[in-house]
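Structure record follows, encoded as structure tokens.
Worth saying up front: this structure is predicted, and the values here are computed from it rather than measured.
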Amino acid sequence: RHPSVASTSSATYNPRTLKRKSSALWLSILHHAFVIATQELLPPRLNLLRMPGDGYSDRAADICAAVDQVDDTFAQIALDDLPTEEDYSSGNNTQIGGEPRQRGWLGRVGKGLSKRTMNLGKGLGLISAQVSQEDENARAMVNSCRSPLASPVGGIACQDPAEAKLARSVLSMMIRQMGRNLLQGQNVMNTSFPIQCCQPKTILEIAQSQGGFFHAFLPQAARAKDPVERMKNVVSCFVAAMTLTSANFLKPLNPILGETLQADYSDGSKLYMEQTCHHPPISSFHLVAPGKMYEYYGFTTFDIGFGYNRMFLNTSGQRTLRFEDGGVIEIGFPKDRVSNVFWGTMHHETLGEQLFVDAANGIRCSITYAPAHRKGLPTDFFEGAIERFDPKRPDADGQLVSTVEGSWVGFCDFDGVRYWDSRSSQKQAISPPARTLPSDSRRRPDRNALAAKDYKLGQAKKLELEEQQRHERRLREAVHGKHSK
């Protein structure tokens, strides 16, 4: 819909024309984004960033309007016409004299986009792919028991278009704030994340939701005498819990160092959390069941990466589940991905391998989310196995005991027996205790101002907390050295 593209009908598109026009479009958008972000802040005499000629404001407004009007139909046309492997075949990839032609950066991007488009089309069933009868049966099973919040591609989809639009507005807000800091002589790198693009919860509050299904599985696991049966209940519990911490497409507030959270569950369990490190961000936790039937404790940290229209969240740390009889199961971490960050239907997926280990009994369960060899299935499908193994030789093959498959947005089956079904599961209530510490997340002034939609006050309070945290860090470094936590 941009003037450089809209004038050409979709019927006359070809890959090279599309690449040329798309690159010109995005360079224009990036240039104008910076100018628009700073134009209201520049005094009239400082017009170095303005475009020559009259009508600058009208052109900037036209570009913004054109970008706002770009919809999924236009995006699909662009993706459909991206270059394919044939465009880079040996016959078309040589110069005069037979010398190989080096593909430019735009060509490499185009090839990458082509591969991603083909993979996405196959995943959605838009492009035919060889699907075995086993995969057909698995797809029918997955589709028969699926959360209404699930994405057709896999995982949990963003349900509110306004929320997705707000999440995507971060870039323009950050650029505007950077321009403001620059003109005020402040450090551009100290730009604060706009609170309008956050949700009125901290990371600690999101994490407490993980215990929502503990009451349905862990008491049975604690009473189980068979370590394999215990493992089945533990795996089912943590697969089911994934839906409770998903769908957080607006960024939660980062806890400050020393921030705490206490929570009471309706089954009598109590949770205690504290932010024990700021950089890297580390959250420590300890959940105690009634009568200490089981305890769940450890710490988590994370890092974030970005790819083409995607954000990757890698969580790590230590999670331990200890039972009253002394049994211990260590719980690993899969990988998370938020797809369609900038356009398309935003959704959260879980990928990779997750490992559950009972070393004392030589039992482990390995689950693979979105296994590459399975075709035509949404990415929330998983499969795996429980094995007996030698803890002294963890890399050696184990002995198969049980198989598991399911969808983390629907169900979990062991050997064809259903252990969790999203249609019949009920999460337990979570509430704050009667008395909480002054450092509790729910007492944060920026969080409460955001909940009341007072964005100006919330941003001011957020900046105060961030400056306080930097000040306290400087004090620690003065005593303990530069790399103290």
| Can you find a pair of side-chain heavy atoms, one from S425 and one from W420, that are under 4.5 Å apart? | yes

| request: Quick one: do L321 and Y297 satisfy side-chain contact (heavy atoms from CB on, under 4.5 Å)? Show the steps, please. | output: CA-CA 7 Å; L321 186 60; Y297 55 87; over 6 Å; no

| task | For Q426 and F213, work out which heavy atoms get closest and say how close. | result | C-CE2, 3.6 Å

| message | I need the minimum non-hydrogen distance between Q262 and L437, along with the two atoms involved. | response | OE1-N, 3.3 Å

Sequence neighbours excluded and cut-off under 3.5 Å, please list the side-chain donor-acceptor pairs for residues 388-397, or say none.
{"residue": "D390", "atom": "OD1", "partner": "K392", "partner atom": "N", "Å": "3.0"}

| No-hydrogen, no-angle side-chain donor-acceptor test under 3.5 Å, T260 and S439 | yes

| task | For the pair R337 and E349, evaluate salt bridge (charged side-chain N to carboxylate O under 4.0 Å, His left out) and give the outcome as yes or no after the intermediate values. | result | CA-CA 5 Å; R337 179 176 73 189; E349 301 167 283; 3.0 Å; yes

| task | Specify the closest pair of heavy atoms between M346 and A167, including all atoms of both residues, with the distance to one decimal. | result | CE-CB, 4.4 Å

| Contacts of E353 that satisfy salt bridge (Lys or Arg N to Asp or Glu O under 4.0 Å) - sequence neighbours left out | none

| query | Who are the side chain to side chain donor-acceptor pair (under 3.5 Å) partners of Q208, not counting sequence neighbours? | reply | none

| said: Check this for me: does any side-chain nitrogen of one of D380 and R146 sit under 4.0 Å from a carboxylate oxygen of the other? | reply: yes

| message | Using a strict threshold of under 4.0 Å (side-chain N to carboxylate O), is an ion pair present between E205 and R442? | response | no

| query | Do the side-chain N and O atoms of R443 and T436 include a donor-acceptor pair separated by under 3.5 angstrom? | reply | yes

| task | List the atom of L244, the atom of S209, and the distance in Å for their closest heavy-atom pair. | result | CD1-O, 3.2 Å

| Can you name the residues that form a side chain to side chain donor-acceptor pair (under 3.5 Å) with N233, not counting sequence neighbours? | none

| By side chain to side chain donor-acceptor pair (under 3.5 Å), which residues pair with E464, not counting sequence neighbours? | none

| Residue that, paired with F238, satisfies ring pair (Phe, Tyr, Trp, His ring centres under 6.0 Å) out of F333, Y296, F217 | Y296

| Are the charged groups of R470 and E467 less than 4.0 angstrom apart, N to O? | yes

| Minimal non-hydrogen separation, V234 against A221, with atom names | CG2-CB, 4.1 Å

| task | With I256 as reference, evaluate E466, Q275, H278, Q469 under the side chain to side chain contact (heavy atoms under 4.5 Å, CB included) test and give the passing residue. | result | Q469

| said: Around atom NZ of K251, are there more than 12 heavy atoms from other residues, nucleotides or ligands closer than 6.0 Å? | reply: yes

| message | What I'd like to find out is whether the side chain of E259 reaches to under 4.5 Å of the side chain of R444, using heavy atoms alone. | response | yes

| said: For F356, does the six-membered ring have the charged nitrogen or CZ of R364 within the cation-pi criterion, i.e. under 6.0 angstrom from the centroid and within 45° of the normal? | reply: no

| request: Kindly give the heavy-atom pair with the smallest separation between Y369 and W408, and that separation in Å. | output: CD2-CD1, 3.9 Å

| request: Could you tell me whether the side chain of N314 reaches within less than 4.5 Å of the side chain of K335, counting heavy atoms only? | output: yes

| task | Output all residues satisfying side chain to side chain donor-acceptor pair (under 3.5 Å) with T243, sequence neighbours left out; order by chain, then residue number. | result | none

| said: Nearest 0.5 Å, please: how far is OG1 in T345 from CD in Q159? | reply: 10.0 Å

| task | Answer with yes or no after comparing the ring centroid distance for F302 and F312 against a 6.0 Å cut-off, counting only values under it. | result | no

| request: Report the distance from atom CZ of F342 to atom CZ of R168, rounding to the nearest 0.5 Å. | output: 9.0 Å

| message | Looking only at the side chains, is there a donor atom on one of E330 and T320 sitting less than 3.5 Å from an acceptor on the other? | response | yes

